[in-house]
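Protein chains get the first letters and strands the later ones, always in sequence-line order, with residue 1 at the start of each.
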Number of protein chains: 2
Amino acid sequence: MPPISPPKIKDVARIAGVSTATVSRTLSKPETVAETTRKAVLAAAEQTGYRVNLAARNLRNQRTGAVMVLVPNLGNPFFSQILAGIEQTLAQNQLSVVMVDTQQPNPRPEHVFDYLHHSRADGIICLDGTLPIEALPNGASARRRPLVFACEWQYNDAHPAVRVDNAQGAKLAIDHLVGLGHRDIGYINGPAGNVLSTARYGGTVDALRQHQLELRPQWVFDGDFSLDAGIQAARSWLALTHRPTALFCANDETAIGLISELHRNGIDVPGQVSVVGFDDIDIARCFIPALTTIRQPRQALGGAAAQLLLDTIAQPVGFMGGTTEVLPVELIQRHSSVAPV
Amino acid sequence: MPPISPPKIKDVARIAGVSTATVSRTLSKPETVAETTRKAVLAAAEQTGYRVNLAARNLRNQRTGAVMVLVPNLGNPFFSQILAGIEQTLAQNQLSVVMVDTQQPNPRPEHVFDYLHHSRADGIICLDGTLPIEALPNGASARRRPLVFACEWQYNDAHPAVRVDNAQGAKLAIDHLVGLGHRDIGYINGPAGNVLSTARYGGTVDALRQHQLELRPQWVFDGDFSLDAGIQAARSWLALTHRPTALFCANDETAIGLISELHRNGIDVPGQVSVVGFDDIDIARCFIPALTTIRQPRQALGGAAAQLLLDTIAQPVGFMGGTTEVLPVELIQRHSSVAPV
DNA sequence: ACCCTAGATGTAATCGATTACAAGGCTAAA
DNA sequence: TTTAGCCTTGTAATCGATTACATCTAGGGT
């Protein structure tokens, strides 16, 4: 069978016996068209199975109907709920979601510019705080599309952002551990240079200081938010002569890797060391021991970012304020943290 | 500052002192243009920061440069690796990825048709085996875009698909448990009507039969791939008078929910009951006990689906064969399964 | 009966790129 | 010198929808 070309607005117009302008009006502003005409057009549209050609509409309307989401690592399950929140909010506004993994194996720097280009999307949600978005060629920034950060962000940056209160999360965790009686507390960090790492580390140091405690350098373990980072930290902890009695991890995956490796080496959590995570990923409540952690509302965060982008897009041109929306975090107390022996 | 309109091909042409046709040719087929001209055009393009307008190009070229991925639940972390595989392969082919969650709160049936519409995407990857893609209005199927299924699929369906050998996975799990000495084996199913549930259930029954064993109806627990399904199954198992000594779960999340709830009720895994999962999600290796499971290559599966779609798109029009690519699964033996007491 | 207005519809320009075809310039063979 | 033929470039149609503006019709007011 030959490939039948899809019906165009012209076909509908011909069948309905009107002009293309009338068809277009019927579909977008039905109230401006006479009752009889409207019925005829809708019938013709129905009969032909007409659907508007988006490329043509977008070209004419100078928009794309799409939002680009820049994800530092699509394969990381942490992002799935955020993406779901973004998608849901945008779909309700007839916008489609284009996902891009910013950690491509072939990182051409001009890619970044392509992402932000006006003909690609009506706006951008960036989950990657390390993307060099300021280094754009000649005057490109003036014709950039609205961009909001979600989750991560950039310092000294004028872009709107939605994030959780990471320092407050760290404080909740530390207060909790100190409240249980811990005084020797270690910290497993996220990737160096990551804003979340920095904020959570800073919050940890500050919170400890408020309790007249100090974060000893040898009790700070490098990490990268992965399970393996937790495993590595466990080995470092085991090698210490003077061990902290509690460990706060920059995220749940690290906490889980940590606990599993400690368990493999005969160390019981929380019996011999308490552990607190960050994120409250789904599995945290079913881990053994159930993980004490700082919950961040991931889906809501995605939804808020999408809404903020929609608001920014709706603003008069040129406006690009730096609203930062900070969502609250919550301590979820479970079984991986108890009073020290 | 006023919004500067972005440079168009006309502007580049004017600055380079050539026609728009020459600019277009320089950019897409440089070898057809004289050396001198090429340099002038490239310089002008560089100077203005010209980027092609994709809506215009797509309209003219009758393509969209995008692939639509239909995900049954974007928030489910299981899909993240598959999505990463898809994105990576497509990005290498200059295609962008539009993600759609098929479980919208407002499920208009004509949405399905919109997804498949030619002006939305050059092709579709569907991870949702339950989408009613065959129920399309008048002749729509003739002008549909290539579609491949990944992970899930539809029975009696002519679409290409990439999946793992689910029945073989079930067989590996059952053979493993029987090899350990188990004879009383239960199964926790996925959602009713889901092709994966059906295939894994069927594989389980067949494998048991090969060992002259039977899957007792009261040892089959309903589920839906969630942690809570595992928790529910644990309660059902606890309520049994005659309990199976091993449980095979339709996926890892269910297995983790199951083990956590058993643990909460003082039942040790694998001491009192062995558990095998399916998927080998990241955390499986760090769960306590480390989960014995059936690994499916999720990223590779996504990549293969994307490649299969690319191949289908490249085929002469009209061709839409039903190649089904089946990837192998692998038993990953860890610590949640041991010989019965 | 006549004019004016509001409402309905059609005409044609427009969005920005691509490309079939035409046309010009130049080389080389006759 | 002429002409065929190649290489390069320009002209203008095209993709499909939207919409400013022009046009036409019907009805109301005087």
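Between the side chains of Asp101(B) and Gln88(A), no donor N or O sits under 3.5 Å from an acceptor N or O. Thr64(A) and Asp122(A) share a donor-acceptor pair across their side chains, judged by distance under 3.5 Å alone.
The shortest distance between side-chain heavy atoms of Val33(B) and Val41(B) does not fall below 4.5 Å. The side-chain heavy atoms of Leu131(B) and Cys126(B), taken from C-beta on, include a pair separated by under 4.5 Å. Side-chain atoms of Thr22(A) and Thr37(A), non-hydrogen and from C-beta on, do get closer than 4.5 Å to each other. At least one side-chain heavy atom of Ile15(A) sits under 4.5 Å from a side-chain heavy atom of Thr48(A).
Across every non-hydrogen atom of Ile82(B) and Cys151(B), the tightest pair is CD1-SG, 3.8 Å. Nearest heavy atom pair, residue Leu196(A) against residue Asn194(A), reads N-OD1, 2.6 Å.
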Would you please test Thr324(B) and Arg163(B) for side chain to side chain contact (heavy atoms under 4.5 Å, CB included) and show each step? CA-CA 8 Å; Thr324(B) 288; Arg163(B) 58 183 180 87; 3.8 Å; yes

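Between dA17(D) and Tyr50(A), a contact under 4.0 Å exists linking OP1 or OP2 to a side-chain N or O.
Listed nucleotides dT19(D), dA17(D), dT18(C) differ in distance to Ile9(B); the shortest reach to its side chain belongs to dT18(C). Proximity note for Val52(B) (side chain, C-beta onward) versus dA12(C), dA17(D), dA17(C): the nearest is dA17(C).
Against DNA chain C, the stretch residues 57-64 of chain A makes heavy-atom approaches under 4.0 Å through Leu59(A), Arg60(A), Gln62(A).
A salt bridge does not link Asp11(A) with Lys8(A): every distance from a Lys NZ or Arg NE/NH1/NH2 to an Asp or Glu carboxylate oxygen is 4.0 Å or more.
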Please produce a list of atom pairs where a protein N or O lies less than 3.5 Å from an N or O of nucleotides 6-9 of chain D.
from: dT9(D); atom 1: OP1; to: Thr37(B); atom 2: OG1; distance (Å): 2.2
from: dT9(D); atom 1: OP2; to: Ala34(B); atom 2: N; distance (Å): 3.1
from: dT9(D); atom 1: OP2; to: Thr37(B); atom 2: OG1; distance (Å): 3.4

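Between the CG atom of Leu54(B) and the C1' atom of dG16(C) there is a distance of 11 Å, rounded to whole Å. The nearest whole Å value for the distance from the NZ atom in Lys10(A) to the P atom in dT18(D) is 15 Å.
Taking the nucleotide of DNA chain D with the nearest heavy atom to each of Lys29(A) and Lys8(A), the more 5' of the two is matched to Lys8(A).
Panel note: side chain Ser119(A), backbone Leu54(B); a donor-acceptor pair is recorded below 3.5 Å.
An end-to-end axis angle of 60° holds for the helix from dA1(C)-dT30(D) to dA30(C)-dT1(D), taken from five base pairs per end and rounded to 10°.
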